[in-house]
Amino acid sequence: MKAAANTTMNRDDFEKSLRAKGEFYHIHHPYHRAMYGGECSPEEIRGWVANRYYYQINIPRKDAAIMANCPDAKVRRLWLQRVLDHDGHDGDDGGIEAWLGLAEAVGLTREEVIDQRHVLPGVRFAVDAYLNFARRATWQEAACSSLTELFAPEIHQSRLDSWPAHYPWIRTEGYSYFRKRLSEARRDVEHGLNITLDHFTTADQQARALEILQFKLDILWTMLDALTMAYRHQTPPYHTVADHPVWHRGL
């Protein structure tokens, strides 16, 4: 639902407007459509996994920045779970380790993923922009930017539903990250959504929240644009410069 200019939405309509942003979620990007449609080559799958790793390792840094800016101990205690989910705790290796398991399952080595040799400049720039936003914004604005999680369970389920049939060469143990995030994302959404609905209560604030959510959607979409150029169109960065040392694909 879209409010008229300078009109404050009630809580239900504001939530509907936030959820309506799902039409811009990267599940609709051609690269992702190709992935769950079984159209990607092993190189395209590996390129996505290697580049997405850079996003994964910056999620707990983003969440730590939100906590650093938040004076509310109750909020920090709840938000801390996000860091633990990715970094691991008490016998749970965490999401980053699970992502490395996915990398190995698609045929990458841990070393080449961890050293980030495959990370595209465009992906790095987009992820760094998100991290810098979280550091500099108010904690409520940064929390709002996490609301792409509203749409995340669908994207994880689409991978679980389609990848095993389309890509039998991927070892099944690699899918543990997606299974894990199905429940975690739903839990995180409730907390982040309540913060946003409670804090952004005027027309100007609600418009700002929708801008922030669109910014985060732009980040995710832009990452896939960079991957499309490099892996689908075979025009990676500096492809016209012979033996350029800045970035080598080599998947």
Side-chain angles (χ1 to χ4, degrees), residues 1-3 13-56 58-59 62 95 99 102 106 119-130 133 144-167 170 174-175 177-186 188-190 192-193 196 206-207 209-236:
M1 177 171 291
K2 184 176 182 180
D13 286 348
F14 182 33
E15 180 175 345
K16 290 176 183 177
S17 293
L18 292 166
R19 291 185 180 277
K21 286 289 186 179
E23 67 180 305
F24 302 109
Y25 193 48
H26 64 161
I27 195 172
H28 304 299
H29 192 284
Y31 200 103
H32 199 279
R33 287 179 181 270
M35 283 197 292
Y36 65 69
E39 301 169 15
C40 281
S41 67
E43 181 188 52
E44 288 167 340
I45 295 291
R46 291 174 188 135
W48 178 76
V49 171
N51 276 270
R52 181 79 180 189
Y53 174 77
Y54 188 67
Y55 179 83
Q56 299 302 129
N58 277 288
I59 290 175
K62 174 267 297 183
W99 196 267
L102 173 63
V106 302
V119 177
L120 294 158
V123 169
R124 191 180 300 276
F125 187 86
V127 174
D128 289 351
Y130 181 38
F133 172 81
C144 175
S145 72
S146 75
L147 286 184
T148 48
E149 291 164 343
L150 286 167
F151 324 117
E154 179 184 1
I155 208 168
H156 295 314
Q157 191 64 57
S158 76
R159 294 162 187 156
L160 290 169
D161 290 343
S162 63
W163 281 29
H166 292 314
Y167 310 112
I170 298 176
Y175 296 124
Y177 177 87
F178 304 138
R179 295 189 185 95
K180 191 171 185 287
R181 286 303 297 166
L182 281 173
S183 59
E184 292 174 352
R186 291 188 179 98
D188 292 345
V189 161
E190 182 178 357
L193 182 60
T196 300
Q206 290 170 347
L210 291 168
E211 289 174 355
I212 290 168
L213 182 52
Q214 185 62 57
F215 162 74
K216 175 62 181 305
L217 291 163
D218 292 347
I219 293 291
L220 297 172
W221 198 274
T222 297
M223 291 169 62
L224 290 178
D225 283 347
L227 286 162
T228 298
M229 292 298 293
Y231 295 104
R232 303 227 85 198
H233 299 326
Q234 298 297 307
T235 53

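Position 1 is the first residue of the sequence, and the numbers go up from there.
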Assess the residue pair Lys216 and Leu147 against the criterion (side chain to side chain contact (heavy atoms under 4.5 Å, CB included)); give the C-alpha distance rounded to whole Å, side-chain angles, the decisive distance to 0.1 Å, and a yes or no. CA-CA 8 Å; Lys216 175 62 181 305; Leu147 286 184; over 6 Å; no

Heavy-atom side-chain proximity of [X] to [Y] below 4.5 angstrom:
{"X": "Leu220", "Y": "Tyr55", "value": "yes"}
{"X": "His28", "Y": "Trp221", "value": "yes"}
{"X": "Arg232", "Y": "Glu39", "value": "yes"}
{"X": "Ser146", "Y": "Lys62", "value": "yes"}
{"X": "Met223", "Y": "His29", "value": "no"}
{"X": "Tyr175", "Y": "Arg159", "value": "no"}
{"X": "Lys21", "Y": "Phe151", "value": "yes"}
{"X": "Met35", "Y": "Tyr31", "value": "yes"}

Candidates Phe178, Tyr36, Tyr177 - the one meeting ring pair (Phe, Tyr, Trp, His ring centres under 6.0 Å) with Trp163: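 The option that passes is Phe178.
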
Write down the atom of [X], the atom of [Y], and the distance for their closest heavy-atom approach.
{"X": "Ser145", "Y": "Tyr130", "answer": "OG-CE1, 3.3 Å"}
{"X": "Ile219", "Y": "Ala126", "answer": "CD1-O, 3.3 Å"}
{"X": "Ala209", "Y": "Cys144", "answer": "O-SG, 3.5 Å"}
{"X": "Ala50", "Y": "Val119", "answer": "O-CG2, 4.1 Å"}
{"X": "Thr196", "Y": "Phe14", "answer": "O-CE2, 3.8 Å"}
{"X": "Arg33", "Y": "Ile27", "answer": "CG-O, 3.9 Å"}

Should Arg19 and Leu193 be marked as a side chain to side chain contact (heavy atoms under 4.5 Å, CB included) after you check the CA-CA gap, both sets of side-chain angles, and the distance that decides it? CA-CA 10 Å; Arg19 291 185 180 277; Leu193 182 60; 3.8 Å; yes

What's the separation between atom [atom1] in [X] and atom [atom2] in [Y], rounded to the nearest 0.5 Å?
{"X": "Ile59", "Y": "Trp99", "atom1": "CD1", "atom2": "CH2", "value": "9.0 Å"}
{"X": "Gln214", "Y": "Ile212", "atom1": "CD", "atom2": "CD1", "value": "12.0 Å"}
{"X": "Arg179", "Y": "Gln157", "atom1": "CZ", "atom2": "CD", "value": "10.0 Å"}
{"X": "Leu120", "Y": "Thr228", "atom1": "CG", "atom2": "OG1", "value": "10.0 Å"}

His26: which of Thr148, Ile155, Leu217 passes side-chain contact (heavy atoms from CB on, under 4.5 Å):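 Going through Thr148, Ile155, Leu217 one by one, the side-chain contact (heavy atoms from CB on, under 4.5 Å) with His26 is satisfied by Ile155 alone.
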
Show, in sequence, the C-alpha distance, side-chain angles and deciding distance for Gln234 and Glu43, and conclude whether the side chain to side chain contact (heavy atoms under 4.5 Å, CB included) test is met. CA-CA 11 Å; Gln234 298 297 307; Glu43 181 188 52; 3.6 Å; yes

Judged by modelled atom types alone, do Tyr54 and Asp128 share a side-chain donor-acceptor pair under 3.5 Å?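 Side chains of Tyr54 and Asp128: pair found under 3.5 Å.
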
Passes side chain to side chain contact (heavy atoms under 4.5 Å, CB included), Tyr25 versus Leu150? Steps please. CA-CA 10 Å; Tyr25 193 48; Leu150 286 167; over 6 Å; no

Under 3.5 Å, side chain of Glu44 to main-chain N/O of Ser41, donor-acceptor pair present?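 The answer is yes, because a donor-acceptor pair under 3.5 Å joins these two groups.
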
